Amino acid sequence: MPELPEVETTKIGITPWVVNKEITDVIIREKRLRYKIPGNIKKQLINKRIISVKRRAKYLLINFSHGSAIIHLGMSGSLRIIKTNEPARKHDHFDIVFIDDTALRYRDPRRFGAFLWSENPLSHRLLIKLGQEPLQEKFTGEYLWKEAKNRRITIKQFIMNANIVVGVGNIYASESLFLAGINPNRKANRISKKRMEGLVQAIKLILNDAIKAGGTTLQDFYMSDGSAGYFKQKLKVYGREKHPCVSCKFPISMKVIGQRSTFYCKKCQS
DNA sequence: CTAAGGACCTGTCGGC
DNA sequence: TGCCGACAGGTCCTTA
């Protein structure tokens, strides 16, 4: 799935197709996502008009005057706009149908995603404890450094902790640490404020680049119009075990950290 | 409180 | 060709 850039790309892709549209139906074919789709969601959406689409962390918020639908894409989810006469395929779990015979269709083979309703989504239990947005000004080296003071976990696990900073998934964690020259095995509380500042800049740059490129496509993500993103070719370490480092030619290493594959250059990252 | 590991699911790929 | 295990972009929950 979708790391933050893909979610942002999805938000941008669907917004012009859904904002100001009136919903005529919500078709639910499979309610067993990560959480059971609540029974009242149809009632909350039908005959209502979408005001805006926002993003908090990797959650998409479909905003109405009386509350918000919360959508998460999990590992394998995607959203796209369809014509209502397009037959549903396997794993197309729900459609939000609009008055003009288009629909927002959600597909998620692994069903790790979510479709929820909240009158006040930012206070929802899944969102209330989330940390800083990486692309906003309050995400600084100073902030990261202070938060890391009592943390003995690796820096890679630290930046993937959504209670600290949101939106840094497994791909971009490796990519950001490579760009910052920091070894992913290093303990979070053993990194200077100066290097934390470099890491923050690296994260912002990597995520912005990926958003500009339209998001990374590996297997499951398609932009809402169905065409593939193309950031994959810009990855410098992720998925490149044994391939030469783009900077020094030394073979890229792979190690499992916190149950996730981690890629890095032993010569360039300390 | 922090940290570690399991859990949730299906599809795909490599090896034999 | 067929089967089997390993692995995949997330993140919550339980246990220590």
Side-chain angles (χ1 to χ4, degrees), chain A residues 1-10 29-37 55-60 70-79 89-93 106-116 124-131 134 146-177 184-190 203 206-207 210-211 213-223 228-242 254-263:
Chain A
M1 149 197 117
E3 293 215 24
L4 182 141
E6 286 78 4
V7 179
E8 183 68 19
T9 302
T10 298
R29 302 182 191 82
E30 174 58 82
K31 58 191 173 198
R32 296 173 305 161
L33 302 186
R34 171 151 197 185
Y35 310 101
K36 185 182 169 190
I37 296 176
R55 178 188 61 73
R56 172 70 172 116
K58 293 171 187 166
Y59 294 93
L60 285 168
I70 300 172
I71 297 177
H72 198 288
L73 301 176
M75 287 277 251
S76 56
S78 59
L79 281 171
R89 303 195 3 232
K90 198 174 178 183
H91 306 307
D92 287 343
H93 303 316
Y106 177 93
R107 177 179 157 81
D108 184 7
R110 292 178 75 179
R111 291 193 278 116
F112 285 171
F115 182 33
L116 302 168
H124 190 277
R125 66 174 191 94
L126 295 176
L127 281 75
I128 189 89
K129 289 184 173 174
L130 294 172
K146 281 185 176 166
E147 290 291 323
K149 271 197 167 160
N150 299 317
R151 301 299 190 120
R152 286 153 292 169
I153 52 172
T154 66
I155 184 63
K156 198 234 184 185
Q157 292 169 292
F158 181 68
I159 61 173
M160 287 182 68
N161 181 346
N163 298 139
I164 304 295
V165 55
V166 302
V168 182
N170 199 39
I171 293 179
Y172 299 117
S174 282
E175 293 295 312
S176 301
L177 288 164
N185 299 293
R186 182 172 284 274
K187 302 303 175 198
N189 63 358
R190 288 277 184 265
I203 290 170
I206 290 280
L207 293 178
I211 291 167
T216 302
T217 291
L218 294 178
Q219 290 166 10
D220 297 315
F221 179 74
Y222 294 87
M223 289 197 286
Y230 51 90
F231 187 65
K232 177 164 71 167
Q233 53 210 74
K234 292 180 74 174
L235 297 179
K236 293 189 164 62
V237 288
Y238 187 86
R240 296 194 65 248
E241 185 185 13
K242 296 176 183 167
M254 195 284 276
K255 181 183 176 188
V256 175
I257 298 177
Q259 302 171 321
R260 312 303 296 276
S261 298
T262 306
F263 299 86

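Below, chain A is the first sequence line, B the second, and so on; all start at residue 1. Quantities reported herein were computed from a predicted structural model and do not represent experimental measurements.
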Is there a side-chain contact between [X] and [Y] (heavy atoms, below 4.5 Å)?
X: Tyr59(A); Y: Val7(A); result: no
X: Glu175(A); Y: Leu235(A); result: yes
X: Val165(A); Y: Glu147(A); result: no
X: Glu30(A); Y: Asp108(A); result: no
X: Ile257(A); Y: Gln157(A); result: yes
X: Leu4(A); Y: Pro134(A); result: yes

Under 4.0 Å between any heavy atoms, over every strand shown, what does Arg32(A) touch: base, sugar-phosphate, or nothing? Just pick one.
nothing

Assign Lys129(A) to base, sugar-phosphate, or nothing according to its heavy-atom contacts below 4.0 angstrom with the strands shown.
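If one applies the 4.0 Å heavy-atom cut-off, Lys129(A) turns out to touch nothing in the nucleic acid.
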
If you draw a 6.0 Å radius around CZ in Arg190(A), do more than 12 non-hydrogen atoms from other residues or ligands fall strictly inside?
no

Step through the shown structure and confirm whether more than 12 heavy atoms of other residues, nucleotides or ligands are within 6.0 Å of CG on Asn163(A).
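Yes, the 6.0 Å shell around CG holds more than 12 heavy atoms from other groups.
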
When you measure only distances, ignoring hydrogens and angles, does the side chain of Arg110(A) come within 3.5 Å of the base of dC9(B) through a donor and an acceptor?
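Side chain to base: pair found, below 3.5 Å.
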
Select one nucleotide: of [options], the one nearest the side-chain heavy atoms of [X].
X: Arg152(A); options: dT2(B), dG10(C), dC9(B); result: dT2(B)
X: Pro109(A); options: dT2(B), dG11(B), dG6(B); result: dG11(B)
X: Ser261(A); options: dC7(C), dC9(B), dG10(C); result: dC7(C)

Enumerate all atom pairs, one protein N or O and one N or O from nucleotides 12-16 of chain C, separated by less than 3.5 Å.
unit_1  : atom_1 : unit_2    : atom_2 : d
dC12(C) : OP1    : Tyr59(A)  : OH     : 3.0
dC12(C) : O4'    : Arg34(A)  : NH2    : 2.4
dC13(C) : OP1    : Arg125(A) : NH1    : 3.0

Provide, to the nearest angstrom, the distance between the [atom1] atom belonging to [X] and the [atom2] atom belonging to [N].
X: Leu33(A); N: dC8(B); atom1: CG; atom2: C1'; value: 12 Å
X: Glu147(A); N: dA3(B); atom1: CD; atom2: C1'; value: 16 Å
X: Asp108(A); N: dC8(B); atom1: CG; atom2: P; value: 17 Å

Would you say [X] reaches [N]'s phosphate, i.e. side-chain N/O to OP1/OP2 under 4.0 Å?
X: Gln157(A); N: dA3(B); answer: no
X: Arg260(A); N: dA8(C); answer: no
X: His72(A); N: dT11(C); answer: yes

By a 5.5 angstrom centroid cut-off and a 30 degree plane limit, is there stacking between Phe112(A) and dT11(C)?
no

Does any donor atom in the side chain of Asn185(A) or Lys156(A) lie under 3.5 Å from an acceptor atom in the other side chain?
no

Give the dot-bracket string for DNA chain B, reading 5' to 3', where a pair is Watson-Crick or G-U wobble with both distances under 3.5 Å, ( ) marks pairs inside the strand, [ ] marks pairs crossing earlier ones, | marks a partner on another strand, and . marks unpaired.
.|||||||.|||||||

